[in-house]
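All of these numbers come straight from a predicted model, not from anything done at the bench. Heavy atoms only: backbone and side chains are in, while hydrogens, waters and symmetry mates are out.
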Protein chains: 2
Amino acid sequence: MKKVPEATIRRLFYYYRCLKNDHSESPKYICSDTLGNKTGIKSTLLRRDLSFFGHMGHKGKGYQRDELENKLKNIMGIDQQHEIALIGAGNIGKALVKYKKFRELGLYITEIFDNDLDKIGRRVGGYIVKNVKYLKESLEKNNIKIVILAIDEEESDEIITQLQEIDIKAIWNLSSAQLDLDQNVIIIKEDLCCSLGSLICKMNN
Amino acid sequence: MKKVPEATIRRLFYYYRCLKNDHSESPKYICSDTLGNKTGIKSTLLRRDLSFFGHMGHKGKGYQRDELENKLKNIMGIDQQHEIALIGAGNIGKALVKYKKFRELGLYITEIFDNDLDKIGRRVGGYIVKNVKYLKESLEKNNIKIVILAIDEEESDEIITQLQEIDIKAIWNLSSAQLDLDQNVIIIKEDLCCSLGSLICKMNN
DNA sequence: TAGATTGTTAATCGATTAACAATC
DNA sequence: TAGATTGTTAATCGATTAACAATC
């Protein structure tokens with residue numbers, strides 16, 4: 001099978017969410033034009049995206065809603081629950097713990113770590129913030145393979161060194177730190193400062 | 001002058017931040033190889049990016065640090081302060097108000113709005129949450145042209161209609177709502193659910 | 001059969017990389 | 001002058017779009 005492009009992967013979620021949120025249910029089928037309009041993605045691109053995963057539609061009819069929703073869920077791996085560890089119990093970290101929509105996707109933050117003694121031991125969204133020095137031990141014990149990194153730059157070096165020693169599969173990096181880990185750890189970087197900065201820059205250019 | 005590519009704009013901020021945070025100052029010049037390594041961007045791409053804005057470097061020497069930092073600041077438009085309005089005083093919104101790094105860039109959230117009566121009137125990070133029905137009035141009065149949208153999906157339709165009537169320049173859309181506004185409003189969408197969802201999807205593919 | 005719509009192939013567009021002449 | 005490094009041009013890569021044959 002051909003390699004699925006990065007850009008396609010990012011769009012799968014939009015298709016999925018649109019189907020999930022659209023409870024009008026009644027027409028059993030939805031065509032690429034309709035789903036494309038709702039998600040703001042051209043229908044031809046949508047069809048191409050979906051075709052990477054085999055024949056998902058029905059010629060002359062469109063895509064069967066339930067079927068497509070379930071297939072997408074399965075492809076994205078959110079048909080099962082995932083436990084996630086959060087490193088950094090600052091403002092952003094705390095907001096993420098309380099963010100309901102992750103849970104709707106079966107994504108649960110069940111461990112919270114920080115290196116700030118003021119934060120360790122406190123309760124955030126029902127979980128007690130642990131000392132980051134127990135990170136490795138705790139992730140291995142609970143078999144957690146996904147990490148959200150929401151630390152401040154100042155704390156980063158120490159924590160990045162620790163991360164290198166743990167067998168994790170994926171990191172959602174919300175910090176400004178640049179991670180140079182093992183090739184086979186999936187990393188998505190979401191740099192809020194950079195994003196807002198780009199907005200101002202675009203305004204100016 | 002040639003149109004600056006989207007991708008270039010996003011990278012300018014990395015170059016800028018790297019220079020700003022690197023207080024080792026001592027060598028007056030930094031070459032594209034060094035700055036490229038620090039930011040994780042190939043030096044040839046970096047040079048191409050910068051060249052869109054004229055001759056920024058000095059052949060045989062590299063880029064003069066202060067000069068480049070200031071030019072970038074000027075190009076991005078963060079050499080002056082910007083006031084920003086936040087719509088949505090939920091978990092994410094509150095975290096953004098308290099986020100120090102925006103202020104370091106001269107970006108200040110000075111108005112906060114919500115449509116939830118429980119939130120209106122409360123204080124978040126020193127500012128009182130206003131009723132979103134005063135949005136237009138308040139932004140015009142204070143001449144605010146930049147909006148951060150951090151609302152829940154449920155509230156979105158009403159608020160988006162309101163946004164259409166206001167003369168704003170840029171929106172940083174952290175909600176899952178799809179905005180179809182005037183062509184000349186700059187919009188950057190940062191969809192946290194989609195981003196974390198893509199991470200799980202990449203793990204699976 | 002006629003109409004609708006998918007899935008695929010080729011063409012286009014945009015972004016990155018490689019190569020290197022210009023020049024400090 | 002020799003070495004270093006920029007800025008630019010051409011080549012490559014990857015993503016989107018247009019066109020359309022296949023088929024329900």
Apply salt bridge (charged side-chain N to carboxylate O under 4.0 Å, His left out) to residues B:D22 and B:R17 and explain how you reach the verdict.
CA-CA 8 Å; B:D22 187 5; B:R17 181 166 59 194; over 6 Å; no

Can you measure [X] atom [atom1] to [N] atom [atom2] for me and round it to whole angstrom units?
X: B:D33; N: D:dG7; atom1: CG; atom2: C1'; result: 15 Å
X: A:E6; N: D:dT16; atom1: CD; atom2: P; result: 11 Å
X: B:F53; N: D:dT6; atom1: CZ; atom2: P; result: 17 Å
X: B:M56; N: D:dT6; atom1: CE; atom2: P; result: 13 Å
X: B:D49; N: C:dG14; atom1: CG; atom2: P; result: 17 Å
X: B:I41; N: C:dA15; atom1: CD1; atom2: P; result: 15 Å
X: B:F52; N: D:dT6; atom1: CZ; atom2: P; result: 17 Å

Any residue meeting salt bridge (Lys or Arg N to Asp or Glu O under 4.0 Å) with B:E83, in chain and number order, not counting sequence neighbours:
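Scan of B:E83 (salt bridge (Lys or Arg N to Asp or Glu O under 4.0 Å), adjacent residues dropped) gives none.
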
Looking at residues at least two apart in the chain, or sitting in another chain, which of them share a salt bridge (Lys or Arg N to Asp or Glu O under 4.0 Å) with A:E190?
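With sequence neighbours excluded, A:E190 shows a salt bridge (Lys or Arg N to Asp or Glu O under 4.0 Å) to no residue whatsoever.
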
Test: salt bridge (Lys or Arg N to Asp or Glu O under 4.0 Å). Region: [range]. Which pairs qualify, not counting sequence neighbours?
range: residues 157-175 of chain B; result: B:K145-B:D167
range: residues 193-205 of chain B; result: A:E6-B:K202
range: residues 47-64 of chain A; result: A:R11-A:D49

Pairing residues for [X] by the side chain to side chain contact (heavy atoms under 4.5 Å, CB included) criterion, not counting sequence neighbours:
X: A:D79; value: A:K73, A:N74
X: B:N37; value: none
X: B:T39; value: B:Y14, B:Y15, B:C18, B:L35, B:I41

Quantified as the angle between the terminal helix axes (five pairs each), what is the overall bend of the helix from C:dG3-D:dC24 to C:dC24-D:dG3 to 10 degrees?
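It works out to 0° between the end axes.
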
Could you tell me whether B:R10 contacts a base, only the sugar-phosphate backbone, or nothing, with contacts defined as non-hydrogen atoms closer than 4.0 Å?
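No contact.
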
Near DNA chain C, which residues from residues 188-205 of chain B have a heavy atom under 4.0 Å away?
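Going residue by residue through residues 188-205 of chain B, none turns out to have a heavy atom under 4.0 Å of DNA chain C.
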
With nearest nucleotides of DNA chain C determined for A:G57 and B:T8 from heavy-atom distances, which residue corresponds to the more 5′ nucleotide?
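With A:G57 and B:T8 compared, the 5'-side residue is A:G57.
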
Run the ring-centre check on A:H58 versus A:Y29 and record whether the distance is less than 6.0 Å.
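Aromatic pair counts; centres sit under 6.0 Å.
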
When you check every protein heavy atom under 4.0 Å of nucleotides 17-24 of chain D, what one-letter string (B, S, -) results, 5' to 3'?
BBB--BBB

From D:dT6, C:dA15, C:dT6, pick the nucleotide closest to the side chain of B:C31?
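My answer, after comparing the listed nucleotides, is D:dT6.
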
Please list, chain by chain and in numerical order, all residues satisfying ring-ring contact (aromatic ring centres under 6.0 Å, His included) with B:Y99, sequence neighbours excluded.
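For B:Y99 the ring-ring contact (aromatic ring centres under 6.0 Å, His included) partners, ignoring immediate neighbours, are B:F102.
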
So which one's nearest nucleotide on DNA chain D is more toward 5', B:I30 or A:P5?
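On the 5' side of the pair lies B:I30.
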
